[in-house]
There are 2 protein chains.
Amino acid sequence: MSPVPNPTIVFTSNPQGVPVPGEHLVYRNDITIDPDHVPLNGGILTKTISLGVDPYLRNRMYYEYKPNTPFLGHGVGVVIRSENANYQVGQHIHTPDYPFAHYAVFGADANLRVLKEEGLPWTTYLGVLGLAGQTAWVGYRAFAHAKKGETIYVSTGAGVVGSVICQVAKAEGLRVISSAGSDSKVEFLKELGVDVAFNYKKQDIATVLKENGGVDIYWDNVGGKALETAMGCMNKWGRVIICGFISEYNLSPSEYHGNQSMLQVLVKNLTISGYVVFDALDKFGDFNFWSEVPTLVKEGKLKVKEQVSNNLEDSMQMLVDSLVGTNDGKGVIALK
Amino acid sequence: MSPVPNPTIVFTSNPQGVPVPGEHLVYRNDITIDPDHVPLNGGILTKTISLGVDPYLRNRMYYEYKPNTPFLGHGVGVVIRSENANYQVGQHIHTPDYPFAHYAVFGADANLRVLKEEGLPWTTYLGVLGLAGQTAWVGYRAFAHAKKGETIYVSTGAGVVGSVICQVAKAEGLRVISSAGSDSKVEFLKELGVDVAFNYKKQDIATVLKENGGVDIYWDNVGGKALETAMGCMNKWGRVIICGFISEYNLSPSEYHGNQSMLQVLVKNLTISGYVVFDALDKFGDFNFWSEVPTLVKEGKLKVKEQVSNNLEDSMQMLVDSLVGTNDGKGVIALK
């Protein structure tokens with residue numbers, strides 16, 4: 001085979017604020033690759049199957065990526081050449097460091113996960129069966145200490161983490177309140193069986209939470225003002241679980257929100273637990289994630305809303321949408 | 001016996017800020033009582049033995065006390081007349097609602113604790129064997145999850161709660177860092193065996209904590225800026241325990257300190273637990289407080305610094321001193 005196009009998203013520079021497609025991330029369709037002859041040096045060549053567009057990638061632009069290199073994120077590819085005995089042609093591999101490109105070469109020391117064929121769409125490994133799903137599953141088991149009949153508030157119920165929490169909590173007999181930033185997302189929350197779903201841009205969060213008798217468990221992906229507000233609505237012995245803090249990832253420390261609800265921790269006997277999923281997996285294990293969650297997904301008991309494009313170029317705008325909340329489901333690129 | 005003087009501290013009004021002796025609290029030595037004939041109506045008459053001057057009384061001025069009634073606090077008295085079969089003449093009783101006066105009458109329905117004679121000074125029942133000691137003992141057992149070799153920072157180590165925590169943690173093999181607001185208090189911390197004792201008015205808290213390798217457990221009685229600072233110095237998987245929030249008791253909610261360290265909860269996998277001792281006792285029990293702590297006090301293994309006066313009138317200034325931190329030990333009134 002002679003060289004073929006290898007369209008690639010290239011990271012050029014870390015923006016102030018939200019990235020601009022074509023400026024901080026550039027779609028390059030002039031790059032080529034020769035699948036038969038590209039040197040592998042003990043590594044593998046993959047054809048890309050799917051790529052996940054996650055808001056946390058904005059963070060990696062800040063601290064990790066080098067200018068004029070391929071943009072990286074969670075991806076699944078199929079092995080089409082291999083010089084590494086650990087990876088066979090035809091196998092599907094997953095890595096959080098997958099280049100946003102149609103083909104990818106991984107060196108001899110790349111740490112890739114070979115996916116078990118479970119009859120599930122490969123995109124699920126970017127969300128409910130990926131880091132986000134593990135964040136939800138492990139954090140809930142480790143920190144929620146949920147009791148049937150309690151009320152949980154999930155501030156980001158339409159995201160992957162939030163939607164898993166809503167469904168797991170509902171299945172355990174909790175009353176689930178969840179908010180999102182668009183009516184379409186609120187409709188999805190209702191499909192998930194959320195008891196009280198509302199658009200926080202149209203309804204006051206504190207009013208909704210108080211009208212519903214307060215909150216025993218607050219699932220926080222947002223931090224900042226949202227956290228402060230929810231802390232003001234907790235019931236006695238409430239638990240706050242912080243697995244994300246999207247409101248502050250792009251701020252400097254002096255701009256962080258000053259939380260004036262800390263006295264609530266004392267007077268309401270609250271517990272606040274934060275965690276990063278890698279650390280939690282190390283400390284608590286995965287609570288049977290791989291033996292239980294794929295089955296729940298197959299049975300339709302864990303749903304996630306995806307917004308799929310077959311065009312790699314769309315990933316740039318998808319990232320922007322996920323950062324400003326105008327997305328409608330988790331952004332996924334599915335290539336042939 | 002004919003009427004005798006019954007000097008009494010009378011609460012007149014709730015101040016803005018720190019109370020002024022003679023204005024918001026008035027020492028009245030013109031009040032009398034006839035011990036032989038004062039009607040008991042099924043209650044008891046006690047002679048006051050000791051009274052505790054606690055900063056939290058400032059809170060009760062705000063929400064509880066009625067103008068022109070005796071000031072109330074933790075006290076111990078000896079029964080000198082009784083019309084209630086539950087209390088015998090000669091017994092010592094304890095209550096958090098003891099009038100600051102030389103004699104007190106408690107009605108038929110008063111809920112008083114009869115103290116076991118354990119050969120300990122009666123003042124200990126106002127501190128290390130009272131609410132403060134229980135706060136420390138129960139909170140540490142329920143929330144610290146301490147492991148030998150870890151570092152604990154106690155921000156108010158010279159107070160009753162803090163000094164108990166310092167000693168219990170030290171006995172369990174923790175490294176103890178503690179701060180106080182005067183050199184004399186720092187000396188007391190050293191007597192307790194604290195590893196790193198410092199005057200926070202002279203040394204920067206964050207610098208000291210970072211120089212000492214960070215903090216695994218932060219014991220917080222203060223809240224506000226102190227809490228924010230300590231949260232910035234926690235080690236991974238650190239625990240923050242909030243049993244008091246003295247920095248905000250006298251503020252309105254809009255004046256509460258805005259804590260900008262909340263992102264630390266996520267990135268450091270922190271847990272913050274708050275509690276009110278009554279609630280914690282209900283939920284967790286007392287962790288053998290009464291079978292273990294009096295013995296530790298008798299054996300000198302739990303020490304508390306007291307500032308004793310035999311003059312009831314001094315209690316007013318003692319309260320002020322405890323609120324602004326110019327006290328030197330827990331204020332106690334010991335009467336004959």
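Basis for what follows: all heavy atoms, side chains included, without hydrogens, waters or symmetry-related copies. First the proteins, then the strands, lettered A, B, ... as listed; each starts at 1.
Within the 4.5 angstrom heavy-atom criterion, no atom of A:Val240 approaches chain B. Contacts of B:Ser254 with chain A are made by backbone atoms alone, with heavy-atom separations under 4.5 Å and no side-chain atom involved. Of the atoms belonging to B:Ile241, not a single heavy atom falls under 4.5 Å from chain A. B:Lys283 touches chain A through its side chain: at least one heavy atom from C-beta onward sits under 4.5 Å away, while N, CA, C and O do not. With a threshold of 4.5 angstrom between heavy atoms, B:Glu228 does not approach chain A through any atom at all. Within the 4.5 angstrom heavy-atom criterion, no atom of A:Ser261 approaches chain B. When heavy atoms are compared at a cutoff of 4.5 Å, A:Leu270 approaches chain B solely by way of its backbone atoms N, CA, C and O.
With contacts defined as side-chain heavy-atom distances shorter than 4.5 Å, the pair A:Phe245/B:Val267 does not qualify.
Heavy-atom pairs under 4.5 Å with chain B peak, among A:Thr271, A:Ile272, A:Val265, at A:Ile272. Of the listed residues (B:Ser247, B:Ser273, B:Cys243, B:Pro253), the one with the most heavy-atom contacts under 4.5 Å to chain A is B:Ser273. Of the residues considered (B:Leu266, B:Asp220, B:Ile242), B:Leu266 shows the highest number of contacts with chain A, using heavy-atom pairs under 4.5 Å.
Residue A:Phe284 qualifies as enclosed at atom CZ: its count of foreign heavy atoms under 6.0 Å is above 12. Open room surrounds CG on B:Asn111; 12 or fewer heavy atoms of other groups in view lie less than 6.0 Å from it. For B:Glu255, the CD atom counts as densely surrounded, since its 6.0 Å shell holds more than 12 non-hydrogen atoms of other residues, nucleotides or ligands.
When each of A:Met262, A:Gln260, A:Gln264 is tested with B:Tyr256 by the rule side chain to side chain contact (heavy atoms under 4.5 Å, CB included), just one qualifies, namely A:Gln260.
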